[in-house]
> 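Handing you a structure now.
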Amino acid sequence: MNEALLQFIWQYSLYHSQSLTTTDGESVTVIHPGQRNTHAGPDFESAKVKIGNTLLVGNVELHVRTSEWLQHKHDSDEAYRHLILHVVFQQDVYLENQSFATLILSPHIPESVIRQYATLQQTTHHIPCSSQLQKVPVILRESWLNRLLAERWEMKLEEWKDILKQTAGDWQNLLYWRLAANFGFKTNAMPFLLLAKSIPVNILAKHKDQLFQLESILFGQAGFLENDFSEEYPQKLKAEYYFLKKKFNLQPIQGHLWKFMRMRPPNFPTIRIAQFAALVQKSLHLFSKIIEMSCVEEIIPLLQATAGSYWDNHYHFEDIQSRSFPKAIGDHSIHNIIINTIAPIQFLYAHSTGNLALQEQALQLLTLLPPEKNRIISEWSTHHWEASHAAHSQAMLQLFNQYCSSKRCLECSVGLAVIKKNND
Ligand code: SF4
């Protein structure tokens with residue numbers, strides 16, 4: 001037993017409620033367990049409990065052992081003065097001269113609840129409740145996944161709000177930075193973001209019609225134009241970059257930050273930067289266009305762009321390949337950008353402007369895209385939780401990363417269903 005489990009049992013009334021009595025022998029009827037208090041002070045507030053013939057409304061504190069009341073120094077803490085009930089798993093000391101009643105819950109807790117919790121905590125499966133997932137009602141699964149998606153975005157948004165402060169509330173700039181980070185995917189997200197931050201968006205705007213200049217600024221700032229080149233194109237890019245660097249007083253990032261290892265050549269940062277330059281050229285002011293779009297078919301064309309022709313037969317500067325083909329941003333990458341940048345920015349913007357309809361629309365956008373494919377989504381599918389769309393896969397990632405992997409089953413709707421079911 002631990003305090004979190006005891007609180008869970010109390011909150012969801014997972015005990016036999018008949019014949020509850022205080023340590024003084026008075027009957028106890030729990031009408032409402034109260035609201036969980038996650039801040040300092042008693043564990044539950046506004047609980048409604050009948051002790052003997054007296055109806056009491058107030059705070060409830062829970063401990064595994066009675067002595068923790070003294071250990072935690074609650075006896076001298078004002079916040080605990082209006083306690084109506086002290087619920088403990090075991091009584092190891094008798095607390096004298098207290099104004100509240102004490103209820104020992106252990107005899108009333110079904111063994112199955114503790115056993116089921118222990119099973120979830122002790123298993124070595126990646127998803128501790130995997131053997132029970134198939135029995136979880138669809139309606140419960142759907143509503144929990146919806147909440148998880150909103151939670152995932154709220155976490156992301158907290159992070160992004162700081163970025164928005166750095167851009168002085170400029171949404172266009174936020175989109176530019178987030179798009180850049182997204183272009184780097186997991187491996188090169190950080191250097192891509194540094195790259196975007198090193199080039200004020202107004203400098204790109206000045207050259208938005210000329211792909212050559214956009215490439216020279218982006219590749220130069222990325223640290224890829226420092227070598228001596230034999231090909232004419234990178235030589236020209238380099239010359240242009242040094243001119244623009246001086247003109248705008250630009251400071252490049254360090255080239256060694258980019259990673260190429262274990263990466264498919266089409267995902268090399270050089271190709272991504274070239275595609276990013278093409279996207280900037282096509283539409284630097286994406287924000288005003290995409291912010292209210294609810295239709296994937298309208299968004300996709302805005303994100304379609306192809307790297308300049310030099311890259312048709314290169315993956316890096318001066319590595320001529322025999323096979324030549326245009327390096328367009330693929331469907332998978334576009335979906336990834338909508339999932340990880342466009343829809344969350346729509347959601348954040350809607351949130352900050354109080355536009356609930358747009359918030360819902362941003363969430364709905366993910367239901368129109370195919371689910372992501374990765375190790376975690378495959379794991380869910382092995383246990384018959386199939387992601388039908390990207391809203392599902394994003395929620396499943398959140399569930400796995402934030403709950404299952406740290407065994408936060410007591411905070412999970414599935415955990416409640418699993419423990420409750422075995423108690424029914
Ligand atoms: S956190 Fe929820 S879904 Fe994950 S293992 Fe625990 S009960 Fe299952």
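Everything numeric here is computed off the predicted structure, so don't read it as measured data. Whatever order the structure lists them in is the order used to number ligands and atoms, beginning at 1.
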> Quick one about Gln321 and Asp319 (side-chain donor to acceptor, distance below 3.5 Å, no hydrogens or angles considered), yes or no?
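The criterion, which ignores hydrogens and geometry beyond distance, is satisfied for Gln321 and Asp319.
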> If you count the non-hydrogen atoms of other residues, nucleotides and ligands that lie under 6.0 Å from NZ in Lys48, is the total more than 12?
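Atom NZ in Lys48 is not crowded, with 12 or fewer foreign heavy atoms closer than 6.0 Å.
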> What are the atoms of ligand 1, with element, lying closer than 4.0 Å to any heavy atom of Tyr403?
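Taking each heavy atom of Tyr403 in turn, ligand 1 has 1 (S) under 4.0 Å.
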> Side chains of Glu61 and His74: any donor to acceptor distance under 3.5 Å?
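Checked: His74/Glu61 side chains pair up, N/O donor to acceptor below 3.5 Å.
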> With a cut-off of 2.8 Å, does any N, O or S atom of Cys129 fall short of it relative to atom 4 (Fe) of ligand 1?
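No - counting backbone and side chain alike, Cys129 has no N, O or S atom under 2.8 Å.
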> Would you say the side chains of Glu142 and His392 form a donor-acceptor pair under 3.5 Å?
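A donor-acceptor contact under 3.5 Å links the two side chains.
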> Any ion pair linking Glu159 and Lys156 (charged N to carboxylate O, less than 4.0 Å)?
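Result for this pair is no, no salt bridge flagged.
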> At less than 4.0 angstrom from any non-hydrogen atom of Gly415, what atoms of ligand 1 do you find?
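The atoms of ligand 1 under 4.0 Å from a heavy atom of Gly415 are 7 (S).
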> Which protein non-hydrogen atom lies closest to atom 6 (Fe) of ligand 1, naming both residue and atom, and how far is it?
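Nearest neighbour among protein heavy atoms for atom 6 (Fe) of ligand 1, to 0.1 Å: Cys409 SG, 2.4 Å.
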> So, do Tyr176 and Trp171 have ring centers that fall under 6.0 Å from each other?
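Here the rings of Trp171 and Tyr176 have centres that are no less than 6.0 Å from each other.
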> Which protein heavy atom lies closest to atom 5 (S) of ligand 1, and at what distance to 0.1 Å?
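Of every protein heavy atom, Pro128 CD, 3.2 Å lies nearest to atom 5 (S) of ligand 1.
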> Can an N, O or S atom be found in Cys404 less than 2.8 Å away from atom 6 (Fe) of ligand 1?
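So Cys404 does not count as coordinating atom 6 (Fe) of ligand 1.
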> Return the residue, atom name and 0.1 Å-rounded distance of the protein heavy atom closest to atom 2 (Fe) of ligand 1.
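Ranking protein heavy atoms by distance from atom 2 (Fe) of ligand 1, first comes Cys412 SG, 2.4 Å.
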